[in-house]
Structure formats: C-alpha cells, structure tokens
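Throughout, a chain's letter reflects where its sequence line sits, starting with A, and its residues are numbered from 1.
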2 protein chains.
Amino acid sequence: MSIFDALGDPARRKILSLLGNGELPAGALVAALRMPQPNVSKHLKVLREAGLVRVRGDAQRRLYSLDTAPLRELDAWLSPYRRFWAGKLDALGDHLSRSD
Amino acid sequence: MSIFDALGDPARRKILSLLGNGELPAGALVAALRMPQPNVSKHLKVLREAGLVRVRGDAQRRLYSLDTAPLRELDAWLSPYRRFWAGKLDALGDHLSRSD
DNA sequence: CCCTAATATTCCAAAATTGGAATATTAGGG
DNA sequence: CCCTAATATTCCAATTTTGGAATATTAGGG
C-alpha cells in the first residue's frame with residue numbers, strides 16, 4: 001500500500017496528527033478516535049506497513065510514534081508542483097484547520 | 001473521494017505529472033499511459049471530481065490541464081509535519097529555491 | 001445527412017478495503 | 001499457575017475500486 005493509500009483514511013490521518021505531539025500507547029488512540037479497539041489496531045497495522053509509524057513495547061502496552069520518512073517523500077513528490085504556487089502567498093487561508 | 005484517494009493510483013499520478021508540462025488532449029494521455037482509452041477516461045473523471053484537473057473542449061478533443069488547488073491543500077496538510085525535518089538538509093530539498 | 005475521430009459512459013466480474021464481532025496473543029501481577 | 005489489561009488477528013458481510021469490453025455521445029467534415 002502506497003503512502004497515498006495509507007493517508008486515504010481519515011482515521012489514519014487523525015492518528016498521525018495525534019502522534020505529532022509525541023509517542024502514545026495504542027489505548028490512547030482508541031480513546032481519541034472513539035472507534036472499536038480492533039479497528040484502530042487494524043489502522044495502525046496499515047500505518048506500520050506504510051512505514052508511517054514505529055512501535056515499541058512497554059510491558060503490555062505498545063507505544064506508537066511517528067516516522068516521518070514517508071511524509072518527507074510526499075513532500076518531495078510535491079516539489080515539482082510547488083512552482084505553480086511558489087511566491088503566490090495571497091490569502092488562501094489555512095484550509096487546514098479541519099479535524100483530520 | 002478525497003485528494004489522498006485520488007492520488008492513490010499511479011496512473012492518476014502520472015497523468016498529473018504529464019499535465020505539469022501543460023495542457024494536453026485526452027488522447028495524448030492515453031498514448032502516454034499505454035492503457036485502454038476508457039480506462040484513462042475513468043481516471044480523468046476521478047481527477048476531475050477531486051478538482052485536480054480542469055477540462056475544456058476543443059472541437060472533438062478535450063484538453064486537460066492541472067488545477068493545483070488541491071495540491072496546495074495537500075501542501076498545507078503537510079505543514080505541521082515539516083518541523084520534523086526542517087533544517088535537516090535532505091538531499092531532495094532545494095530543487096528550486098532560487099531567488100530571482 | 002452520414003461518416004469518422006475523439007472521448008465518455010455503462011455493464012460486469014474481480015480484487016481490495018472497511019467495519020463489526022469474536023477470538024487470540026502478550027506481558028505482567030497476585 | 002491463573003487472572004487481567006492491553007493489543008492484535010481472524011472471520012465475515014458490505015461497500016468500493018478497478019479493469020475489460022461494449023456501447024454511447026459529441027463535434028466537425030464531405
């Protein structure tokens with residue numbers, strides 16, 4: 001699954017966003033996403049396979065953290081297109097304040 | 001379909017890349033992609049619906065061009081993550097950071 | 001009008017994705 | 001050992017996506 005596919009699901013984007021603030025146990029993600037635990041676990045698996053998150057054990061818990069390497073690749077993929085808006089810093093607001 | 005989903009298919013990413021060099025008729029994309037025409041037409045529909053391409057008629061032909069607005073959104077989505085590699089001089093980085 | 005070129009749409013089966021429910025695994029604690 | 005908490009995996013039905021083939025549409029040209 002490519003990074004684009006991995007990012008295709010809103011729940012997965014939310015997970016990345018949450019991990020942006022630092023390492024979290026799977027349970028914290030389950031609580032934040034308000035979604036059945038097995039479901040979150042499956043999304044985490046997709047993210048792992050895409051290389052977007054790392055995991056380490058801490059007793060029974062599994063602590064997830066962001067691996068930004070694929071995001072850097074995405075950034076690179078975007079590069080050739082940036083010339084279309086580079087310098088055009090007009091007011092096209094931060095569309096980005098959505099919840100995903 | 002979100003922009004992430006629209007970008008999920010390699011053929012669609014190739015189309016965007018081709019259109020990066022300027023407007024092209026659908027037929028040119030069919031030739032470049034080496035894929036059955038109806039298939040390309042369907043990918044173009046997905047791209048249209050995601051707002052990634054514009055189309056205008058020229059007699060029987062349809063000329064496609066890039067609409068970069070959704071790519072700018074993607075760029076914005078990426079923003080909060082850039083701090084993880086900002087300053088870390090990656091080999092890919094400054095491709096086009098010229099100051100003229 | 002009819003013909004042709006260019007492109008889009010529909011129909012269909014195959015493959016992949018997703019969610020829900022049940023179950024399995026893993027790692028301490030008593 | 002057994003128990004419990006935390007997390008992962010499996011199984012299944014529903015939905016979505018994809019490709020191939022056939023067909024439809026659109027817009028001139030003769």
Side-chain angles (χ1 to χ4, degrees), chain A residues 1-19 21-67 70 74 98-100, chain B residues 1-19 21-67 70 74 77:
Chain A
M1 184 174 297
S2 82
I3 183 181
F4 295 100
D5 296 311
L7 295 177
D9 189 286
R12 291 195 289 264
R13 292 196 294 277
K14 176 132 193 184
I15 289 173
L16 295 184
S17 168
L18 290 164
L19 293 180
N21 302 318
E23 195 175 53
L24 285 175
L29 298 170
V30 170
L33 290 174
R34 259 98 133 286
M35 176 182 296
Q37 177 270 322
N39 219 323
V40 173
S41 191
K42 280 182 282 187
H43 283 306
L44 286 170
K45 183 179 194 175
V46 173
L47 290 172
R48 259 184 277 129
E49 286 171 354
L52 280 158
V53 302
R54 281 193 235 87
V55 65
R56 72 187 177 94
D58 171 47
Q60 308 102 321
R61 299 189 308 167
R62 317 213 61 198
L63 300 181
Y64 279 89
S65 56
L66 207 53
D67 188 336
L74 177 57
R98 288 166 313 179
S99 56
D100 51 303
Chain B
M1 185 176 293
S2 83
I3 183 180
F4 295 100
D5 296 311
L7 294 177
D9 190 285
R12 292 196 287 266
R13 292 197 295 276
K14 176 132 193 183
I15 289 173
L16 295 184
S17 168
L18 291 164
L19 293 180
N21 302 319
E23 194 175 53
L24 285 175
L29 297 170
V30 170
L33 290 175
R34 259 98 129 280
M35 176 183 295
Q37 176 270 322
N39 219 322
V40 173
S41 192
K42 280 182 282 189
H43 283 306
L44 285 169
K45 183 180 194 174
V46 173
L47 291 172
R48 258 184 276 129
E49 286 170 354
L52 281 159
V53 302
R54 280 193 234 87
V55 64
R56 71 186 177 94
D58 171 47
Q60 308 103 318
R61 300 189 308 166
R62 317 213 61 197
L63 300 182
Y64 280 89
S65 56
L66 207 53
D67 187 335
L74 177 56
W77 179 86

Peer 1: List the atom of A:Ala50, the atom of A:Pro70, and the distance in Å for their closest heavy-atom pair.
Peer 2: O-CG, 3.5 Å
Peer 1: With a 4.0 Å cutoff (strictly under), does any side-chain N or O of A:Tyr64 reach OP1 or OP2 of D:dA6?
Peer 2: no
Peer 1: Now, which nucleotide makes the Watson-Crick or G-U wobble pair with D:dT15, with each of the two distances under 3.5 Å?
Peer 2: C:dA16
Peer 1: Please report the distance, rounded to the nearest Å, between NZ in B:Lys42 and C1' in D:dT23.
Peer 2: 12 Å
Peer 1: When the distance from NZ of B:Lys45 to P of C:dC11 is rounded to whole Å, what number comes out?
Peer 2: 12 Å
Peer 1: More 5' along DNA chain C: A:Asp9 or B:Val55, using each one's nearest nucleotide?
Peer 2: B:Val55
Peer 1: Classify the side chain of B:Gln37 and the base of C:dA8 as holding, or not holding, a donor-acceptor pair under 3.5 Å.
Peer 2: yes
Peer 1: Tell me: CD of B:Glu49 to P of D:dT16, nearest whole Å?
Peer 2: 14 Å
Peer 1: Just so I know, are the side chains of B:Val55 and B:Tyr64 near enough to count as touching, which here means a heavy-atom distance under 4.5 Å?
Peer 2: yes
Peer 1: Is there a side-chain contact between B:His43 and the phosphate of D:dG19, meaning an N or O under 4.0 Å from OP1 or OP2?
Peer 2: yes
Peer 1: side-chain contact (heavy atoms from CB on, under 4.5 Å) with A:Ile15: which of A:Leu33, A:Val46, A:Asp9?
Peer 2: A:Leu33
Peer 1: For the side chain of B:Asn39, starting at C-beta, report the closest nucleotide among D:dA8, D:dG19, C:dT7.
Peer 2: D:dG19
Peer 1: Once you apply a heavy-atom cut-off of 4.0 Å, does A:Pro25 come out as touching a base, just sugar-phosphate, or nothing?
Peer 2: sugar-phosphate
Peer 1: Rounded off to whole Å, could you give me the CG-to-P distance for the A:Leu63 and D:dA6 pair?
Peer 2: 13 Å
Peer 1: Taking any strand in view, what nucleotide pairs with C:dA27 in a Watson-Crick or G-U wobble way, both distances under 3.5 Å?
Peer 2: D:dT4
Peer 1: Using modelled atom types and a 3.5 Å cut-off, is there a donor and acceptor pairing between side-chain atoms of B:Arg48 and backbone atoms of B:Val53?
Peer 2: no
Peer 1: So, does B:Arg62 use its side chain to make a donor-acceptor pair with the main chain of B:Ala26 at under 3.5 Å?
Peer 2: no
Peer 1: Relative to the 5' end of DNA chain C, which residue comes earlier, A:Ala59 or A:Gly8, by the nucleotide with the nearest heavy atom?
Peer 2: A:Gly8
Peer 1: Using a cut-off of 4.0 Å on non-hydrogen atoms, how would the nucleic acid contact of A:Asp5 be classed: base, sugar-phosphate, or nothing?
Peer 2: nothing
Peer 1: Starting at atom CG of B:Asp58, determine the distance to atom P of D:dG28, rounded to an integer number of angstrom.
Peer 2: 9 Å
Peer 1: In whole angstrom, what separates A:Leu47's CG from C:dT18's P?
Peer 2: 11 Å
Peer 1: With respect to the side chain of A:Gln60, which nucleotide from C:dT26, D:dA8, C:dA8 is positioned closest?
Peer 2: C:dT26
Peer 1: Take atom CG of A:Leu33 and atom C1' of C:dG19, then tell me their distance rounded to the nearest Å.
Peer 2: 14 Å
Peer 1: Could you tell me which nucleotide pairs with C:dT9 by Watson-Crick or G-U wobble geometry, both distances under 3.5 Å, or answer none if nothing does?
Peer 2: D:dA22
Peer 1: Rounded to whole angstroms, how far apart are CZ on A:Arg62 and C1' on C:dT26?
Peer 2: 9 Å
